[in-house]
Amino acid sequence: MSTNNNTITIGVLALQGAFEEHQQCLEAISPNIRTVQIRTPDQLESIDGIVFPGGESTSMGLIGDVTTGLWDGLRNFVHNSGK
């Protein structure tokens with residue numbers, strides 16, 4: 001979650017794709033944007049928004065892997081976080 005009132009934290013799904021480049025681009029927008037790499041559902045609690053880099057079908061396949069729990073975590077983030 002935001003570290004203060006002026007900073008937002010954006011998660012970048014770090015399963016595949018150019019996630020480091022996405023982080024660099026987002027952070028270049030403003031000094032008030034902080035990014036973190038998201039690989040597990042529990043990391044979703046600390047962010048204000050999320051970016052899904054990479055090809056949609058590949059990302060969805062990796063997210064949908066039942067062993068990670070990311071699909072349920074993302075669903076809860078969208079529906080229950082109030083963000």
Side-chain angles (χ1 to χ4, degrees):
M1 189 137 322
S2 299
T3 55
N4 65 46
N5 290 338
N6 296 322
T7 302
I8 63 168
T9 302
I10 303 295
V12 178
L13 192 63
L15 299 179
Q16 64 91 205
F19 51 86
E20 290 175 344
E21 289 84 350
H22 281 73
Q23 287 182 269
Q24 291 170 359
C25 289
L26 289 165
E27 290 174 355
I29 294 169
S30 168
N32 296 332
I33 296 176
R34 177 180 164 266
T35 64
V36 294
Q37 295 178 6
I38 302 296
R39 291 189 174 91
T40 63
D42 59 309
Q43 294 173 304
L44 296 168
E45 296 175 17
S46 66
I47 62 173
D48 298 303
I50 190 162
V51 171
F52 288 46
E56 183 179 327
S57 62
T58 304
S59 295
M60 293 302 116
L62 291 169
I63 294 167
D65 182 353
V66 294
T67 63
T68 66
L70 265 174
W71 192 248
D72 288 333
L74 287 166
R75 184 179 298 115
N76 288 334
F77 177 79
V78 170
H79 291 290
N80 302 320
S81 71
K83 298 176 187 174

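Numbering of residues begins at 1 and proceeds along the displayed sequence.
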**Message:** Taking Thr9's backbone N and O only, do any of them form a donor-acceptor pair with Asp48's side chain (distance below 3.5 Å, no angle check)?
**Reply:** yes
**Complete:** Rounding to 0.5 Å, atoms CD1 (Ile33) and CG (Asn6) come to a distance of 12.0 Å
**Prompt:** Going from NE2 on His22 to CD1 on Ile10, what distance comes out if it is rounded to the nearest 0.5 angstrom?
**Reply:** 12.5 Å
**Message:** Run the side-chain hydrogen bond (donor to acceptor under 3.5 Å, both in side chains) test against Gln43 and tell me which residues pass, sequence neighbours left out.
**Reply:** Thr40
**Message:** Is there a side chain to side chain contact (heavy atoms under 4.5 Å, CB included) between Thr35 and Glu27? Walk through the geometry before answering.
**Reply:** CA-CA 7 Å; Thr35 64; Glu27 290 174 355; 2.5 Å; yes
**Prompt:** For Arg34 and Thr7, does a side-chain donor sit closer than 3.5 Å to a side-chain acceptor?
**Reply:** no
**Asked** Would Ile38 and Ile47 count as a side chain to side chain contact (heavy atoms under 4.5 Å, CB included) if you check the C-alpha gap in whole Å, the side-chain angles of each, and the deciding distance to 0.1 Å?
**Response** CA-CA 9 Å; Ile38 302 296; Ile47 62 173; 3.9 Å; yes
**Request:** Please step through side chain to side chain contact (heavy atoms under 4.5 Å, CB included) for the pair Val51 and Leu13, ending with a clear verdict.
**Result:** CA-CA 6 Å; Val51 171; Leu13 192 63; over 6 Å; no
**Complete:** Residue set satisfying salt bridge (Lys or Arg N to Asp or Glu O under 4.0 Å) with Arg39, at least two apart, ordered chain then number -> none
**Fill in**
Looking only at heavy atoms, the pair that brings Leu44 and Ile50 closest together is CD2-CD1, 3.9 Å
**Message:** If you compare all heavy atoms of Gly73 against all heavy atoms of Pro41, which two are closest, and at what distance to 0.1 Å?
**Reply:** CA-CB, 4.2 Å
